[in-house]
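A quick write-up on the structure given underneath.
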2 protein chains.
Amino acid sequence: MQPASETSDNVLTERQRDVLDAALGLLVEAGDALTMTSVARRASCSKETLYKWFGDRDGLLTATVQWQASKVRGVPVKRDGLDIVSLTGGLERFASDWLRVLSGKISVALNRVAVSHAGSDKRDLGAIVLENGPFAMARRLMPLLEVGREAGLLTFDDTEEAFRTFFGLVVRDVQIRLLLGDRFELTDVTIDGEARRATQQFFALYGAHNHVAERGRSTQR
Amino acid sequence: MQPASETSDNVLTERQRDVLDAALGLLVEAGDALTMTSVARRASCSKETLYKWFGDRDGLLTATVQWQASKVRGVPVKRDGLDIVSLTGGLERFASDWLRVLSGKISVALNRVAVSHAGSDKRDLGAIVLENGPFAMARRLMPLLEVGREAGLLTFDDTEEAFRTFFGLVVRDVQIRLLLGDRFELTDVTIDGEARRATQQFFALYGAHNHVAERGRSTQR
DNA sequence: CAGTTACCGTACCGTACGTTACGGTTCGGT
DNA sequence: ACCGAACCGTAACGTACGGTACGGTAACTG
């Protein structure tokens with residue numbers, strides 16, 4: 001009765017991973033119109049097996065989202081950068097990677113299905129995407145920000161506040177426009193430019209020895 | 001064959017508006033699980049009438065979204081503020097209104113259904129929401145920004161760039177978290193604080209006679 | 001080799017829901 | 001008073017899809 005994918009560990013056979021990859025592809029192509037039959041056909045497996053492994057359709061969707069999430073656990077940002085140059089580079093690389101993932105077909109498809117299922121009674125895909133999206137980003141970036149503060153390069157009281165501002169400067173309206181189906185030209189060079197701009201603006205707001213940062217700081221909280 | 005709602009004008013009888021209000025309420029409560037039967041029952045009308053007026057389910061959804069959009073055409077921002085105080089106030093009020101709408105149940109429900117239907121072959125709800133959401137905001141705010149620039153209070157080359165940065169500073173991760181089902185406490189006082197912070201940070205980046213603005217400007221585009 | 005397990009392929013069942021059809025009622029126009 | 005249009009309520013139809021059952025096959029185990 002308990003499907004194997006219920007366990008928090010990723011105990012998936014290679015075959016199961018193949019099936020989930022097929023489901024992922026179908027999710028990207030067909031969105032929420034994905035059916036159990038189509039997954040079975042694409043993965044060359046029987047529906048009975050799908051139900052045995054994943055319980056029901058929701059379980060399959062959940063396992064698919066978790067499977068993708070487990071694949072994108074990015075490399076942690078290095079904290080060795082104590083000078084302004086490496087901190088800037090770290091932030092820029094971070095923003096660049098982030099925008100690249102965010103604008104990918106898989107990310108858009110996953111966020112779409114999670115949004116449409118949010119608020120449902122059953123397993124909450126929104127929480128999973130939230131956990132492996134924005135929250136994971138925060139967990140990875142906030143230590144870097146604090147290292148920058150300890151090194152005297154950044155000035156802020158609330159690390160989460162600073163992160164969320166960085167989020168806003170990087171993402172802006174890109175994600176919501178992609179989710180709403182706006183055709184969006186995001187070349188690699190554009191993304192790098194966006195990352196550079198966001199990082200510069202972030203330093204303008206939170207850089208140490210900056211009268212603007214002092215002003216902003218006095219009104220925080 | 002052509003439903004009445006196909007015309008770009010809002011030629012809706014009072015009865016039709018009542019029906020769409022019922023559909024709107026159902027959309028907020030049940031999300032995409034809204035059924036034709038439930039709308040007919042809630043609005044005390046027959047399904048035959050729904051099909052005659054709106055063509056099919058997609059037509060009903062489209063008309064509902066457009067109906068809500070036609071209701072929120074906000075008051076245009078006054079452009080008479082040429083001094084820094086009224087410009088700041090205008091931006092703050094704008095940001096505050098925006099966050100309030102964005103975090104409302106209706107907005108979340110509409111964005112949810114639009115996101116889940118985006119990329120569909122038929123009528124594109126995503127385009128409608130995009131047009132009446134972010135794009136409408138841009139059309140309303142960009143003139144104000146340009147008035148501020150002409151008055152020597154703001155400095156930027158690309159108005160749309162400036163607007164998108166303001167967007168990022170105001171919205172940050174609020175909308176995506178709401179869409180993904182994150183429980184979010186947004187009291188009125190919190191929203192006002194956010195609006196004030198975003199406006200201050202925007203002035204820090206784009207305010208005239210600000211060395212930061214000059215720096216940022218030199219790297220734009 | 002017999003038995004068990006795991007799986008594929010397919011056929012099948014039940015139901016929910018979009019869509020249509022129809023009888024009955026109200027109401028404005030003549 | 002009569003007619004027709006518009007509309008309500010409900011029943012009925014068709015289908016798509018989630019979920020289940022079952023026969024067949026290959027591999028593994030004793």
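First the proteins, then the strands, lettered A, B, ... as listed; each starts at 1.
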Of Thr49(B) and Leu34(A), the one whose closest nucleotide on DNA chain D sits nearer the 5' end is Thr49(B)
Trp53(A) side chain, from C-beta outward: closest of dC7(C), dC8(C), dG9(D):
dC7(C)
Confirm from the modelled atom types if Lys47(B) and dT19(C) form a donor-acceptor pair under 3.5 Å, side chain to base only.
yes
Exactly one of Arg197(A), Arg93(A), Arg100(A) should register a side-chain contact (heavy atoms from CB on, under 4.5 Å) with Asp192(A). Which one does?
Arg100(A)
Once rounded to the nearest 0.5 Å, what's the spacing between atom CH2 of Trp67(A) and atom CZ of Arg17(A)?
5.5 Å
Choosing from dG18(C), dG9(D), dG18(D), which nucleotide comes nearest the side chain of Ser44(B)?
dG9(D)
Nearest of dC8(D), dG18(C), dC8(C) to any side-chain atom of Cys45(A)?
dC8(C)
Between dC17(C) (P) and Leu61(B) (CG): distance, integer Å
14 Å
So if I take every side-chain heavy atom of Arg15(A) and compare against dG23(C), dC8(C), dG18(D), which nucleotide ends up nearest?
dC8(C)
Arg41(A) CZ to dA16(D) P, in whole Å, measures 13 Å
Taking the basic N atoms (NZ, or NE/NH1/NH2) and the acidic carboxylate oxygens, is any pair closer than 4.0 Å for Asp21(A) and Lys71(A)?
yes
With a 4.0 Å cutoff (strictly under), does any side-chain N or O of Thr37(B) reach OP1 or OP2 of dC17(C)?
no
Counting side-chain heavy atoms from CB outward, which of dG19(D), dC8(C), dA6(D) is closest to Lys52(B)?
dA6(D)
Could you tell me how far apart Met36(B) (CE) and dT10(D) (C1') are, to the nearest whole angstrom?
16 Å
Select one nucleotide: of dG9(C), dC22(C), dT20(C), the one nearest the side-chain heavy atoms of Glu48(B).
dC22(C)
Begin from the C-alpha positions of Phe94(A) and Val170(A) and carry the test side chain to side chain contact (heavy atoms under 4.5 Å, CB included) through to its verdict.
CA-CA 10 Å; Phe94(A) 188 91; Val170(A) 171; over 6 Å; no
Would you mind reading off the distance between Arg42(A) atom CZ and dC8(C) atom P, rounded to a whole angstrom?
16 Å
Please name the residue in the list Thr64(A), Val28(A), Leu26(A) that meets the side-chain contact (heavy atoms from CB on, under 4.5 Å) test with Leu34(A).
Leu26(A)
Length of the CG-P vector between Leu50(A) and dT10(C), whole Å:
15 Å
Rounded to whole Å, how long is the line connecting atom OH of Tyr51(A) with atom P of dC17(D)?
12 Å
Check the distance between dG19(D)'s P and Leu60(A)'s CG and give it to me in whole angstrom.
10 Å
What's the closest nucleotide to the side chain of Thr35(A) if the choices are dA21(C), dG18(D), dG9(C)?
dG18(D)
